[in-house]
2 protein chains.
Amino acid sequence: MKGKRVTIYDLATALGISASYVSRALNDHPSISDKMKSLVKAKAAELNYKHNSHAANLRRGSSRTIGVIVPKINENFFAQAIAGIEEVCAANDHSLIICQSDESFKKEQIAVETLISKNVDCILISVSLETKTSGHLQEILQHHIRLVQFDRYLRDIESFIVTNDNRRSAYDATWHLINQGYQRIAFFGGPDHIAIFKDRKEGFLDAMREARLPVPYDFVVENALSKEAGARIASQLLELKEPPQAVFAASDYGALGAMQASRLRNIKMPGELGLIGFANEEFTELIQPALSTVDQKSKELGRCAANVYFTKLLDKKITEKPSVQIIDSEIIIRESSSVAIQQNMTHS
Amino acid sequence: MKGKRVTIYDLATALGISASYVSRALNDHPSISDKMKSLVKAKAAELNYKHNSHAANLRRGSSRTIGVIVPKINENFFAQAIAGIEEVCAANDHSLIICQSDESFKKEQIAVETLISKNVDCILISVSLETKTSGHLQEILQHHIRLVQFDRYLRDIESFIVTNDNRRSAYDATWHLINQGYQRIAFFGGPDHIAIFKDRKEGFLDAMREARLPVPYDFVVENALSKEAGARIASQLLELKEPPQAVFAASDYGALGAMQASRLRNIKMPGELGLIGFANEEFTELIQPALSTVDQKSKELGRCAANVYFTKLLDKKITEKPSVQIIDSEIIIRESSSVAIQQNMTHS
DNA sequence: CTGAAAGCGCTTACAG
DNA sequence: CTGAAAGCGCTTACAG
């Protein structure tokens with residue numbers, strides 16, 4: 001069905017030289033003169049030659065390809081991270097295979113299998129919410145494929161990690177709420193087995209403890225990352241005799257759900273309920289009231305994750321001890337948590 | 001640096017059979033008994049064997065991989081389309097390489113080169129805004145790679161196309177505005193060289209003509225797809241002595257810009273300015289007023305695009321004449337264009 | 001049902 | 001600087 005592909009042998013014949021020579025010319029090997037390089041490349045273009053990366057990879061044993069696995073490509077956080085990764089890969093002449101786990105452990109495992117069989121040189125992963133064990137990541141290492149975890153990571157495996165200082169950001173976000181005068185503050189978090197969510201919870205508790213504010217048992221919620229969960233749980237809490245005065249959500253979507261639940265009850269924001277999220281999703285500055293949040297510098301985070309491979313792992317036989325790299329995040333204060341800003345808005 | 005990989009020869013030796021047999025067992029060849037298949041597979045798992053897709057692809061001449069090129073993976077429309085494509089590919093045991101052109105013609109060309117050298121069997125593309133010529137798409141065909149265009153397509157190349165009836169949707173959206181009583185209606189569109197934008201403009205003009213409403217020359221704008229462009233142009237138009245009473249934007253982002261510009265001027269929506277966008281982006285139902293829009297059923301669109309390959313192109317020597325497949329879209333009416341809805345909202 | 005052998009298109013030591 | 005040759009790991013006609 002397919003026509004015969006033009007190979008380096010065809011180029012060699014056409015030019016009256018050997019295939020090895022052609023290969024070297026095409027790959028900019030230093031032994032070849034610039035004149036010959038351009039001659040060969042011109043002929044390649046003329047005959048519509050296309051490099052066959054599968055053959056090269058098979059022979060070379062490396063694919064110059066990086067695989068990335070993220071939970072959702074359409075969440076702005078991950079899309080930005082991918083953009084950063086892509087930028088660095090392109091600059092280093094590597095290509096990129098993007099996989100989506102869709103927050104499913106099963107799909108994540110399949111993605112790992114696929115990337116291994118595609119012989120990628122490195123896998124950058126941000127694990128799914130369902131991921132509790134690292135067996136599949138261990139397998140990556142067994143196949144001598146480099147591994148970098150970013151944002152959401154597992155602790156029980158040796159790998160470089162690029163993430164934010166989640167505990168610190170959560171601490172700061174919580175203190176921001178406290179400084180606004182809120183006292184009964186609830187935390188909408190994620191599963192404890194993923195370090196960033198545990199860290200955000202700890203940061204929240206650190207601040208509350210330091211401020212000597214009570215944290216009722218049911219104000220700390222473990223699975224409130226989605227809009228639906230956020231809305232459901234906020235609805236419950238807002239029915240209490242002593243409902244929360246503010247919510248710090250470890251996810252913008254959880255915060256969005258809380259906002260919708262409070263709107264249904266005509267609860268004024270930020271007057272009666274303060275709210276801050278996490279991730280700086282696109283919608284956070286578009287909704288009303290605009291949602292305070294934590295900007296994780298996701299594009300920079302993606303850049304760094306990719307750079308870990310290019311600067312610390314590529315071509316290195318003995319790897320330095322895996323380290324954790326921290327990307328600075330930034331608290332963004334908008335109307336949803338700031339009485340001061342809100343008043344300005346109203347008066348303008 | 002890498003340890004030796006386990007190959008089918010290792011499995012063959014371990015099992016006392018031939019490599020050919022192993023290969024067939026692993027690939028579920030009908031000549032092999034179920035018992036032997038599971039025996040071989042068990043051994044493969046035990047020895048941690050992983051299929052090398054590069055070797056297989058090189059030998060087979062096909063990669064069982066589909067490439068997809070979209071302008072932006074983080075626009076909800078494309079993310080949804082990719083989700084649909086992924087679903088169909090997974091069901092057909094094909095893997096997916098996702099490339100992002102970032103609305104740049106140059107990047108799109110590079111993506112095409114990459115996908116060709118990766119030997120993908122098919123490329124699904126939605127072209128960038130800058131794409132005016134189809135030379136690079138022609139090259140795909142020359143390499144005997146199948147081509148399907150979806151959503152944004154070029155007309156001067158023979159390929160299957162999966163898209164919405166953009167002219168009809170635009171016509172309906174415009175009539176919706178007309179029926180709400182708006183008369184001076186502006187159109188925020190995209191470049192004419194991309195068919196869908198031309199179609200949306202035509203649909204708008206069809207409706208205006210039919211309603212015998214005048215369309216001032218400067219009410220039809222060609223490059224107002226982004227939030228920034230939408231805001232800039234809306235600002236200009238709203239300064240006119242006879243400003244538009246409504247805007248139909250061919251992009252939700254353009255509509256968002258218009259909304260922000262009108263808010264700055266304290267123009268009431270939908271009372272003083274009606275607005276409808278296109279694509280049903282995530283933010284459209286979250287902002288206030290909620291933005292009317294056209295839902296393009298993007299996930300279904302992605303599914304169909306992938307299915308064109310699996311049902312009409314895969315393993316077919318003589319291809320049927322390329323056709324255009326239409327995915328039904330749906331007008332979603334929200335507050336931004338509907339006085340009736342708005343009043344209900346206010347009174348509730 | 002089973003195996004020996006060829007070959008996909010490249011890269012890279014090795015030799016000159 | 002240049003080339004002949006081996007081999008990456010698989011699949012698949014071909015033969016039995």
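Just so it is clear, the structure is predicted and the values come from calculations on it, not from any experiment.
Side-chain proximity of B:S20 to the nucleotides C:dC10, D:dG3, D:dT12 is greatest for D:dT12. Residue B:N27 places its side chain closer to D:dT11 than to any other of D:dT2, D:dG7, D:dT11.
Heavy atoms only, all atoms of each residue included: B:E108 and B:H136 are closest at OE2-NE2, 2.7 Å.
In this structure, A:R5 atom CZ and C:dC10 atom C1' are separated by 11 Å, rounded to whole Å. Rounded to an integer number of Å, the gap from A:N119 CG to D:dC10 P is 10 Å. Distance, B:D28 CG to D:dT12 P: 14 Å, rounded to whole Å. In this entry the distance linking NE2 of B:H29 with P of D:dT11 reads 11 Å, nearest Å. Separating the NZ atom of A:K37 from the C1' atom of D:dC1 is a distance of 13 Å, rounded to the nearest angstrom. What separates CD1 of B:I116 from C1' of C:dG9 is a distance of 17 Å, to the nearest Å. Rounded to an integer number of Å, the gap from A:I8 CD1 to C:dT12 C1' is 11 Å. In this structure, B:H54 places its NE2 atom 14 Å from C1' of C:dG9, rounding to the nearest Å.
Within a 6.0 Å radius of CD in B:E158, other residues, nucleotides and ligands contribute 12 heavy atoms or fewer.
To the nearest whole angstrom, the two P atoms, one in D:dT2 and one in D:dA6, are 23 Å apart. D:dG16 and D:dT12 have their C1' atoms separated by 16 Å, with the value rounded to a whole Å.
At the phosphate of D:dC10, OP1 or OP2 sits under 4.0 Å from a side-chain N or O atom of B:Y49. Not one side-chain nitrogen or oxygen of B:S23 sits closer than 4.0 Å to the OP1 or OP2 atom of D:dC10. At the phosphate of D:dT11, OP1 or OP2 sits under 4.0 Å from a side-chain N or O atom of B:H51. Note on B:S18: a side-chain N or O is less than 4.0 Å away from OP1 or OP2 of C:dG3. For the OP1/OP2 pair of D:dG3 and a distance below 4.0 Å, the side-chain nitrogens and oxygens of A:Y21 include no atom meeting the criterion.
By the 4.5 Å heavy-atom criterion applied to side chains, B:Q138 and B:I157 are counted as neighbours.
On a pure distance criterion of 3.5 Å, no polar donor-acceptor pair joins the side chain of B:R60 and the base of C:dG7. One cannot find a donor-acceptor pair under 3.5 Å joining the base of C:dG9 and the side-chain atoms of B:R59.
A side chain to side chain donor-acceptor pair (under 3.5 Å) with B:H54 is found for exactly one of A:T65, A:N57, A:N52, A:N119, namely A:N57. Checking A:L313, A:I125, A:I123, A:I66 one by one against A:V148, the side chain to side chain contact (heavy atoms under 4.5 Å, CB included) holds for a single residue, A:L313.
Each of B:G16 and B:L58 lies near DNA chain C, and the nucleotide nearest B:G16 is the one positioned closer to the 5' end. When each of B:Y9 and A:A19 is assigned the nucleotide of DNA chain C bearing its nearest heavy atom, the one mapping closer to the 5' terminus is B:Y9.
Here A:T7 lies in heavy-atom contact (under 4.0 Å) with sugar-phosphate atoms only. In this structure, A:N57 reaches neither bases nor backbone, as no heavy-atom distance under 4.0 Å exists between it and the strands shown.
Of the nucleotides present, none pairs with D:dA13 by Watson-Crick or G-U wobble criteria with both distances under 3.5 Å. Using the Watson-Crick or G-U wobble rule with both distances under 3.5 Å, D:dA4 pairs with nothing in any strand shown.
The CD1 atom of B:I140 sits 9.0 Å away from atom SG of B:C122, with the distance rounded to the nearest 0.5 Å.
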